[in-house]
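Please read the structure below before turning to the comments.
Because the structure is a prediction, the values reported are computed rather than measured.
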Amino acid sequence: MNFDSSLNCTIVTFLTFMGFHAYAGSADGGGESLFCKYIENEDFFQDIKTSILTSERCVNNLSGGECDMSVGVRWEESVKINMLFGPESYMQKETTKKVVSGIVSDLSERVEFKIELMQGQAGNFVIMYADLYVQRLVREFDLFHPIEDFNKLVESGEVCLGRAYINDDENIFWGVVFIPNGFVGDDLQACVAEEVFNLLGLTGDPEGYASFFDKWPIEKDNEGVYRLSEAHLAMIQLFYDLKRNGEFAELELKREATRLCQNDEEAKNYLEDGESLR
């Protein structure tokens, strides 16, 4: 897919360096409301707000205009994930597929927008493993813009990166996850899970933390596959459930979380009478 350099868009860049991944124990799972347990957690709401409002998108604003930091950047259309791996990277592709499939399954139960892993069809969210085969394809078909950044990433060999392309309506319309050639095991899984989370629009880091995932770690399930935690899923659902023109103030986030909690019949016992912020 070619990208016109004159396109008025914003590029969001997220960096995850080797050695900064935080790992946790097994994820619990379960289908009850994720929100009731976070109603009294001030950090939960503060970190969502910070993540929404402190992305790097203004630094990379190609339009030259001012960024409105009160508006969250997110997908308005279906998210269709493709994987681009060379034939020699079959094992890495299978590992990535397990991580992405788990995230897609978990999110599909929590959000209204459609997110799916495509099977041999075109998509708008590409996860690429920078082996020699993929490097050739990217340069030949201009799959990463600007290509100079891609070349620097290949040369570094240490940086896992997600990049989102934003249109004039402040919607994400194209996303790319770059995985360095040689990433395997936990590094590969953490790279994929973290960048997929970031590219859904929650991009900033909590105050005092080098990475969002140092404070809110990715978790492994019982089979050793990295999954988004309950906190990650709740944050994404809350972010997308708020109205597009929401101010993303902490009070508004709490109100929406309380509403979601109260709407869950199985979880109403988490709230006592009169505790609602509505």
Side-chain angles (χ1 to χ4, degrees), residues 12 24 27-55 57 67-79 102-116 164 166 169-172 193-194 196-207 209 212-213 215-219 227-278:
V12 190
D28 294 332
E32 77 276 5
S33 171
L34 300 179
F35 300 98
C36 299
K37 66 176 62 179
Y38 296 114
I39 294 294
E40 301 301 325
N41 188 331
E42 294 297 325
D43 279 359
F44 177 79
F45 296 103
Q46 176 60 45
D47 290 346
I48 297 176
K49 178 184 174 184
T50 301
S51 186
I52 293 169
L53 301 183
T54 60
S55 74
R57 62 194 182 90
C67 273
D68 181 0
M69 295 300 280
S70 67
V71 179
V73 174
R74 53 183 153 186
W75 296 82
E76 289 293 334
E77 298 182 358
S78 298
V79 179
I103 292 174
V104 167
S105 175
D106 291 338
L107 284 176
S108 296
E109 301 174 2
R110 304 292 179 184
V111 295
E112 291 185 1
F113 68 91
K114 188 174 183 180
I115 178 169
E116 56 186 325
I166 314 299
D169 295 325
E170 291 277 303
N171 298 327
I172 304 174
E194 292 175 8
V196 169
F197 175 84
N198 282 149
L199 283 180
L200 292 175
L202 293 170
T203 66
D205 297 319
E207 249 182 88
Y209 288 82
F212 186 91
F213 305 99
K215 187 171 184 180
W216 301 96
I218 300 294
E219 300 178 347
R227 305 285 282 266
L228 297 182
S229 70
E230 287 188 344
H232 296 129
L233 296 173
M235 289 176 178
I236 293 171
Q237 183 173 348
L238 187 57
F239 176 44
Y240 276 87
D241 196 75
L242 283 174
K243 292 181 179 179
R244 179 64 182 175
N245 60 354
E247 296 180 356
F248 297 112
E250 286 178 68
L251 179 59
E252 186 63 28
L253 290 165
K254 289 179 182 179
R255 284 174 173 167
E256 185 61 23
T258 301
R259 185 189 70 77
L260 290 166
C261 175
Q262 291 175 323
N263 282 349
D264 190 317
E265 291 294 334
E266 296 181 5
K268 283 184 178 179
N269 62 325
Y270 280 82
L271 285 178
E272 297 175 359
D273 291 340
E275 206 173 327
S276 172
L277 294 171
R278 283 289 186 197

Atom pair CZ (F45) and OG1 (T50), whose distance is rounded to the nearest 0.5 Å: 13.0 Å
Side chain proximity check, F44 to L253, heavy atoms < 4.5 angstrom: no
Mutual orientation of the aromatic rings belonging to Y38 and W216 [parallel < 30°, tilted 30-60°, perpendicular > 60°]: perpendicular
Salt bridge R110-E230, side-chain N to carboxylate O under 4.0 Å: no
F113 atom CZ, over 12 foreign heavy atoms within 6.0 Å: yes
Closest non-hydrogen atom pair, E116 against V104: CA-CG1, 4.0 Å
Other residues, nucleotides, ligands: >12 heavy atoms within 6.0 Å of Q46 CD: yes
Step-by-step salt bridge (charged side-chain N to carboxylate O under 4.0 Å, His left out) determination, K215 to E207: CA-CA 10 Å; K215 187 171 184 180; E207 249 182 88; over 6 Å; no
Worked check of side chain to side chain contact (heavy atoms under 4.5 Å, CB included) between E42 and K254: CA-CA 9 Å; E42 294 297 325; K254 289 179 182 179; 2.8 Å; yes
I236, L233, L107 screened by side-chain contact (heavy atoms from CB on, under 4.5 Å) with F197, the one that passes: I236
Shortest non-hydrogen separation from L202 to N198 and the atoms involved: O-ND2, 3.0 Å
Residue pair I115 / S108: nearest heavy atoms and the distance that separates them: O-OG, 3.8 Å
Residues H232, F213; criterion side chain to side chain contact (heavy atoms under 4.5 Å, CB included); working and verdict: CA-CA 10 Å; H232 296 129; F213 305 99; 3.9 Å; yes
Smallest separation among heavy atoms of L200 and Y240, with atom names: O-OH, 2.6 Å
Backbone N/O of F212 and side chain of D205: donor-acceptor pair under 3.5 Å: yes
NZ-CD distance between K114 and E112, expressed to the nearest 0.5 angstrom: 14.5 Å
Closest non-hydrogen atom pair between I218 and R227, with its separation: CG2-O, 3.3 Å
Shortest non-hydrogen contact from I103 toward A193: CD1-CA, 3.8 Å
Check against side chain to side chain contact (heavy atoms under 4.5 Å, CB included), I166 and N171: CA-CA 5 Å; I166 314 299; N171 298 327; 5.8 Å; no
Between CE on residue M235 and NZ on residue K49, distance to nearest 0.5 Å: 14.5 Å
Any donor-acceptor N/O pair, R74 side chain to F239 backbone, under 3.5 Å: yes
Donor-acceptor contact present, side-chain S51 to main-chain T203, <3.5 Å: yes
Nearest-0.5 Å distance, CG of residue L238 to CZ of residue R259: 9.5 Å
